[in-house]
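Notes to accompany the following structure.
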Amino acid sequence: METIQPVRGTSDLLPAEKARHNHVIDSAKQGAAQFGYAEIATPIFEFTDVFSRPLGASSDVVAKETYSFEDRGGTGLTLRPEGTASAMRAIISNGLTQTLPQRWFYAGPMFRYERPQKGRMRQFHQIGCELIGQAGALGDAEIIACGVHILKSLGVLERTSLHLNTLGDSESRDSYRAVLIRYLEGYRKSLSEDSQRRLDTNPLRILDSKSETDKEILQDAPRLKTHLTSEAEAHFDAVKQALDAASIAWVEDPFLVRGLDYYSHTAFEFITDQLGAQGTVLGGGRYDGLSQTLGGPPLAGVGFAAGVERLALLGEDMPGQRPDLALLAAEKTAEADLFALGCSLRDTGFSAVNLYTGNMGKKMKAASKLEARFAIIAGDDELGRGSVSVRNMQDGVQTEVKISALASWLENVLSR
RNA sequence: GCGGGUGUAGCUCAGUAGGUUAGAGCGCCAGUUUGUGGUACUGGAUGUCGCCGGUUCAAAUCCGGUCACUCGCCCCA
């Protein structure tokens, strides 16, 4: 069968699934708003540099997962693989560096050229929060608390655990990187192929290798923790204290290293074991160096992003959309009147669906399938008396109501 | 990018020592009910068996390729 299909790794969001997505997005938006995060939207594509510079050329996202192309003018563009770089670019572009901090929320599609899997798509959707221009551990704690709040409001918090690590400041990382390389060089031949390559390009990433032999080698590797500057250590301690004070549970995970180069200090992920290989449901961290890689001034920032698909997969099914009313005419001659009645009922705020095809039985069946709360039935009889029959679809009780009194009658019965 | 699994009706799936008209359940359509659904009963429609090629008198079934989905690796949301 050669029926036309959507592009690999993309999919249509049909009503039931789109409803779940909307639920995730709406809850997140509302939760973020309680923290003072206002929604923004940036373009879906940017100059390629916006992503390649901050994320790091050696990062997997940029090296092999990016949708990059030249437009007709020969300009190098990239479909956004994530939201933080765009947000920071927007801060700089709009001169908002004078009015900090900014608390932003966003939701929208992201694009990564990857092998599709459950909970992993080439076009997927993220919600995210960015707190830009706020240094200090309380900023990190606030962002994490915001993530907790959103996961809680979606009822999935208890199905995740919060993993926490610090990547230190650049001074800490530089000294640690040297020590780590020295240690790992001794095992170079035993490391997995990927890790051998990373040893040259991005040694810190070896820390979260999933290879068993790599893990063994790493057991005795020097820890970043012992190479932190006293400032970096104090920062991390303050984050943990703030989380404890807010009763937010966390586990320290020294092997948590996030894939994007711009992170520094705190890195965190909310991980679940219920989505197969795609365990990370919400992740983020501090990115104090990001602004400068985009040509902006030094600016602090922390943020997170969460996958809408993954959250929708974790959350339970949402009730579908139900109309208040279904309108069905008993005779052809009544159709126009019911059409008009539907329009006026919608004007007064009800959701109403007109049914046009089939006999009464078919129409009732359709009304019941739509899960309409009430069916408004009328033929020439009722209309002649200036009224309609209103049937409660749940208990089957049917009453005749004057059209002039219909709106208030329904109002009364529906608000109950 | 690398490995494993799967691809038969709208959906979930049966169907192997290759054999003639390819099945079930759900759903859909119609009727029992010519102005009344959700239950029940009766009847009906639906497939180039993913695609291309090969073996064979004969392929949904065997072989090769290809595409898609899926699980894992990698990486992340």
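In what follows, every chain begins at residue 1, and chains take the letters A, B, ... in the order their sequences are listed.
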[X] [atom1] to [N] [atom2]: how many Å, rounded?
{"X": "M364(A)", "N": "rU34(B)", "atom1": "CE", "atom2": "P", "result": "15 Å"}
{"X": "R391(A)", "N": "rG37(B)", "atom1": "CZ", "atom2": "C1'", "result": "7 Å"}
{"X": "L328(A)", "N": "rG35(B)", "atom1": "CG", "atom2": "C1'", "result": "10 Å"}
{"X": "K118(A)", "N": "rC71(B)", "atom1": "NZ", "atom2": "C1'", "result": "10 Å"}
{"X": "D12(A)", "N": "rC69(B)", "atom1": "CG", "atom2": "P", "result": "12 Å"}
{"X": "E269(A)", "N": "rA77(B)", "atom1": "CD", "atom2": "C1'", "result": "9 Å"}
{"X": "E114(A)", "N": "rC74(B)", "atom1": "CD", "atom2": "P", "result": "13 Å"}
{"X": "E65(A)", "N": "rC74(B)", "atom1": "CD", "atom2": "C1'", "result": "9 Å"}

Do E382(A) and rG35(B) have a side chain to base donor-acceptor pair shorter than 3.5 Å? yes

Do any side-chain atoms of residues 365-382 of chain A form donor-acceptor pairs under 3.5 angstrom with protein atoms, and if so which ones, sequence neighbours left out?
{"from": "D380(A)", "atom 1": "OD1", "to": "T333(A)", "atom 2": "OG1", "distance (Å)": "2.9"}
{"from": "D380(A)", "atom 1": "OD2", "to": "T333(A)", "atom 2": "OG1", "distance (Å)": "2.6"}
{"from": "E382(A)", "atom 1": "OE1", "to": "G379(A)", "atom 2": "N", "distance (Å)": "3.0"}
{"from": "E382(A)", "atom 1": "OE2", "to": "S389(A)", "atom 2": "OG", "distance (Å)": "2.8"}

Interatomic distance at [atom1], [N] relative to [M], whole Å:
{"N": "rG44(B)", "M": "rG37(B)", "atom1": "P", "result": "24 Å"}
{"N": "rC69(B)", "M": "rC62(B)", "atom1": "P", "result": "24 Å"}
{"N": "rC73(B)", "M": "rC63(B)", "atom1": "C1'", "result": "29 Å"}
{"N": "rG38(B)", "M": "rG27(B)", "atom1": "P", "result": "12 Å"}
{"N": "rC51(B)", "M": "rC11(B)", "atom1": "C1'", "result": "22 Å"}
{"N": "rC41(B)", "M": "rU33(B)", "atom1": "C1'", "result": "12 Å"}

Is any side-chain N of the basic residue among [X] and [Y] closer than 4.0 Å to the acidic one's carboxylate O?
{"X": "K240(A)", "Y": "E252(A)", "result": "yes"}
{"X": "R80(A)", "Y": "E46(A)", "result": "no"}
{"X": "R20(A)", "Y": "E17(A)", "result": "no"}

Name the pairs: protein N/O against N/O of nucleotides 2-7 of chain B, kept only if under 3.5 Å.
{"from": "rC2(B)", "atom 1": "N4", "to": "R115(A)", "atom 2": "NH1", "distance (Å)": "2.5"}
{"from": "rG3(B)", "atom 1": "O6", "to": "R115(A)", "atom 2": "NH2", "distance (Å)": "3.3"}

For [X], which contact category applies under a 4.0 Å heavy-atom criterion: base, sugar-phosphate, or nothing?
{"X": "M393(A)", "result": "base"}
{"X": "I127(A)", "result": "nothing"}
{"X": "A367(A)", "result": "nothing"}
{"X": "E309(A)", "result": "nothing"}
{"X": "G128(A)", "result": "nothing"}

With K362(A) via side-chain contact (heavy atoms from CB on, under 4.5 Å) - residues at least two apart: N359(A)

Syn or anti for rA14(B) (syn when the glycosidic angle lies within 90° of 0): anti

Secondary-structure string, 5' to 3', Watson-Crick or G-U under 3.5 Å, | for another-strand partners, for RNA chain B: (((((((..((((.....[...)))).(((((.......))))).....(((((..]....))))))))))))....

On RNA chain B, does the nearest nucleotide to M121(A) precede the nearest nucleotide to R8(A) from the 5' side, or the other way round? Give the residue. R8(A)

Residue met sooner reading RNA chain B from 5', once P116(A) and F124(A) are mapped to nucleotides: P116(A)

Non-hydrogen atoms of N165(A) and P254(A) that approach each other most closely: ND2-O, 3.4 Å

Holding to ring-ring contact (aromatic ring centres under 6.0 Å, His included), I want the full list of residues that pass it with H163(A), two or more places apart in sequence or in another chain. none

Assess whether atom CZ of F45(A) is packed by more than 12 heavy atoms of other residues, nucleotides or ligands within 6.0 Å. no

Check the orientation of Y113(A) and Y67(A). Use parallel for under 30°, tilted for 30 to 60°, and perpendicular for over 60°. perpendicular

Quick one: do the T272(A) and T160(A) side chains pair a donor with an acceptor below 3.5 Å? no

Show me the side-chain donor-acceptor pairs of residues 129-150 of chain A shorter than 3.5 Å, one per line, residues at least two apart or across chains.
{"from": "E130(A)", "atom 1": "OE1", "to": "Y287(A)", "atom 2": "OH", "distance (Å)": "2.6"}
{"from": "E130(A)", "atom 1": "OE2", "to": "T84(A)", "atom 2": "OG1", "distance (Å)": "2.8"}
{"from": "D140(A)", "atom 1": "OD1", "to": "H235(A)", "atom 2": "NE2", "distance (Å)": "3.4"}
{"from": "D140(A)", "atom 1": "OD1", "to": "R286(A)", "atom 2": "NE", "distance (Å)": "2.8"}
{"from": "D140(A)", "atom 1": "OD1", "to": "R286(A)", "atom 2": "NH2", "distance (Å)": "2.7"}
{"from": "D140(A)", "atom 1": "OD2", "to": "H235(A)", "atom 2": "NE2", "distance (Å)": "3.0"}
{"from": "D140(A)", "atom 1": "OD2", "to": "T266(A)", "atom 2": "OG1", "distance (Å)": "2.6"}
{"from": "D140(A)", "atom 1": "OD2", "to": "R286(A)", "atom 2": "NE", "distance (Å)": "3.2"}
{"from": "E142(A)", "atom 1": "OE1", "to": "R103(A)", "atom 2": "NH1", "distance (Å)": "2.9"}
{"from": "E142(A)", "atom 1": "OE2", "to": "Y37(A)", "atom 2": "OH", "distance (Å)": "2.6"}
{"from": "E142(A)", "atom 1": "OE2", "to": "R103(A)", "atom 2": "NH1", "distance (Å)": "2.5"}
{"from": "H149(A)", "atom 1": "NE2", "to": "Q34(A)", "atom 2": "OE1", "distance (Å)": "2.8"}

